[in-house]
> 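Sharing a structure below in structure tokens format, with a few things to ask.
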Amino acid sequence: MNINNKIINLKQSLPIGCQLVAVSKTQSIERIEEAYGGGQRIFGENKVQEIVPKFESLPKDIQWHMIGHLQSNKVKYIAHFVALIHSVDSAKLLEEINKQAKKAARTIPCLLQIHIAKEESKFGFNTEELEEVFEEIIRLDSINVVGLMCIAP
């Protein structure tokens, strides 16, 4: 079965209200174009150095999701086009996303990453930090927290 048929079958099997995010990390432009040809329009990348050249090379109706750990100093490279940041794991990062979104004259949707795994290699807010971060979010006007993202152990 080719990728076009796989995408069509997957999309038809999704529950109402769900969308398919194709994780395109490490994939070539050609492979992404193949999925795009099959109707896929939402792609997830985990590295800024991969998402930027793909955004620049591929059709502009693609929604790019940042799905990996994002460093504050790299937000400026994606703020003008990213459709959703899945991995907001600190108040510092929230502040930087808000700052760069203002510069880009847009609001950036985000998911708060919650640290439920209790593993050193995982990032995210712990339960004690959540109350504080909710208070901070209220004053940030260029981000829109649309949900939570949790990685199981």
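Below, all heavy atoms of this structure are taken into account, side chains as well, without hydrogens, waters or symmetry copies.
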> If I take atom CD1 from residue Ile114 and atom CD from residue Glu129, how far apart are they, to the nearest 0.5 angstrom?
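Separation between the atoms: 9.0 Å.
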> Nearest 0.5 Å, please: how far is CD in Glu34 from CD in Gln27?
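Atom-to-atom, Gln27:CD and Glu34:CD are 10.0 Å apart.
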> Side-chain contact test, heavy atoms from C-beta onward, threshold under 4.5 Å: evaluate it for Arg41 versus Tyr36 and give yes or no.
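Side-chain contact under 4.5 Å: yes.
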> At what distance, to the nearest 0.5 angstrom, does CD1 of Ile7 lie from CD of Gln40?
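Rounded to the nearest 0.5 Å, the CD1-CD separation comes out at 5.5 Å.
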> Does the side chain of Cys110 reach to within under 4.5 Å of the side chain of Ile108, using non-hydrogen atoms?
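A side-chain contact under 4.5 Å exists here.
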> Should Leu84 and Met66 be marked as a side chain to side chain contact (heavy atoms under 4.5 Å, CB included) after you check the CA-CA gap, both sets of side-chain angles, and the distance that decides it?
CA-CA 6 Å; Leu84 179 63; Met66 184 66 199; over 6 Å; no
> Output all residues satisfying side chain to side chain contact (heavy atoms under 4.5 Å, CB included) with Ile138, sequence neighbours left out; order by chain, then residue number.
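Expected list: none.
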> Between Leu93 and Val88, which heavy-atom pair has the shortest distance, and what is it?
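Looks like CD2-CA, 3.8 Å.
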> Look at the side-chain heavy atoms of Ile, Leu, Val, Met, Phe, Trp and Tyr, link any pair under 4.5 Å apart, and say whether Val21 and Ile51 land in one connected group.
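Hydrophobic grouping puts Val21 apart from Ile51.
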> Between Ser24 and Trp64, is any pair of side-chain heavy atoms under 4.5 Å apart?
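A side-chain contact under 4.5 Å exists here.
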> For the residue pair Lys54 and Glu45, establish whether any side-chain heavy-atom pair is separated by less than 4.5 Å.
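Heavy-atom side-chain distance check passes, below 4.5 Å.
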> Got a second to check how far His80's NE2 is from Ile78's CD1, nearest 0.5 Å?
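His80 atom NE2 to Ile78 atom CD1 measures 9.5 Å (nearest 0.5 Å).
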> Can you find a heavy atom in the side chain of Leu148 that is under 4.5 Å from one in the side chain of Leu111?
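When only atoms from C-beta onward are counted, Leu111 and Leu148 do not touch, as no gap falls below 4.5 Å.
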> Test side chain to side chain contact (heavy atoms under 4.5 Å, CB included) on Met149 and Ser87; report intermediate values, then the result.
CA-CA 7 Å; Met149 190 276 280; Ser87 50; 4.2 Å; yes
> Decide if atom NZ of Lys47 counts as having more than 12 heavy atoms of other residues, nucleotides or ligands within a radius under 6.0 Å.
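No, NZ of Lys47 has 12 or fewer neighbouring heavy atoms, counting only those of other groups under 6.0 Å.
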> Within the side chain of Glu50, is there an N or O that forms a donor-acceptor pair under 3.5 Å with the backbone of Thr26?
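Yes; at least one donor-acceptor contact below 3.5 Å.
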> Heavy atoms only: give me the nearest Ala91-Glu136 pair and the separation to one decimal.
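Shortest heavy-atom contact: O-OE2, 4.0 Å.
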> Any chain of hydrophobic side-chain contacts (each under 4.5 Å) joining Ile137 to Val75?
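Ile137 and Val75: one cluster.
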> In chain order, what residues pass the side chain to side chain contact (heavy atoms under 4.5 Å, CB included) check against Lys76, with sequence neighbours excluded?
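Partners of Lys76 by the side chain to side chain contact (heavy atoms under 4.5 Å, CB included) criterion, ordered by chain and then number, come out as Gln100.
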> Provide the full list of salt bridge (charged side-chain N to carboxylate O under 4.0 Å, His left out) pairs with a residue in residues 84-95, sequence neighbours left out, each pair given once.
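Only Glu95-Arg139 qualify under salt bridge (charged side-chain N to carboxylate O under 4.0 Å, His left out).
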> Give me the atom names and distance for the closest heavy-atom approach of Asp141 to Thr107.
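Heavy atoms only, the tightest pair is O-OG1, 4.1 Å.
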> Between Lys103 and Asn98 (side chain of the first, backbone of the second, donor and acceptor by atom type, cut-off under 3.5 Å), is there such a pair?
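Absent.
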> Mind checking whether Val48 and Leu70 have side chains closer than 4.5 Å, heavy atoms only?
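They are in contact (side-chain heavy atoms under 4.5 Å apart), so the answer is yes.
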> Which heavy-atom pair separates Ala79 from Ala101 by the least distance, and what is that distance?
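Looks like CB-N, 4.4 Å.
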> Do Leu58 and Ile29 touch side chain to side chain, with heavy atoms closer than 4.5 Å?
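Answer yes - side chains close enough.
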> Between Phe81 and Phe55, how do the two ring planes meet: parallel, tilted or perpendicular, split at 30° and 60°?
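Taking Phe55 first and then Phe81, their aromatic rings lie parallel (interplane angle under 30°).
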> Whether the side chain of Lys11 engages the backbone of Asn9 through a donor-acceptor N/O pair (distance < 3.5 Å, no angle test) should be reported.
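The answer is no, because no donor-acceptor pair under 3.5 Å joins these two groups.
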> Checking side-chain contact (heavy atoms from CB on, under 4.5 Å) between Pro109 and each of Val82, Val146, Val145, Ile143, which is the one that passes?
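That would be Val146; it is the only one of Val82, Val146, Val145, Ile143 passing the side-chain contact (heavy atoms from CB on, under 4.5 Å) with Pro109.
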> Do Leu140 and Leu130 land in one hydrophobic cluster if side-chain heavy atoms of ILVMFWY residues count as linked below 4.5 Å?
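Yes; Leu130 is reachable from Leu140 via cluster members.
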> Do Phe125 and Leu112 pass the side chain to side chain contact (heavy atoms under 4.5 Å, CB included) test, and can you show the C-alpha distance, the side-chain angles, and the key distance before you say yes or no?
CA-CA 8 Å; Phe125 294 100; Leu112 297 181; 3.9 Å; yes
> Assess whether atom CD of Gln19 is packed by more than 12 heavy atoms of other residues, nucleotides or ligands within 6.0 Å.
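Counting other residues, nucleotides and ligands, CD of Gln19 stays at 12 neighbours or fewer.
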> What's the separation between atom CD1 in Ile62 and atom CD1 in Ile32, rounded to the nearest 0.5 Å?
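Rounded to the nearest 0.5 Å, the CD1-CD1 separation comes out at 7.0 Å.
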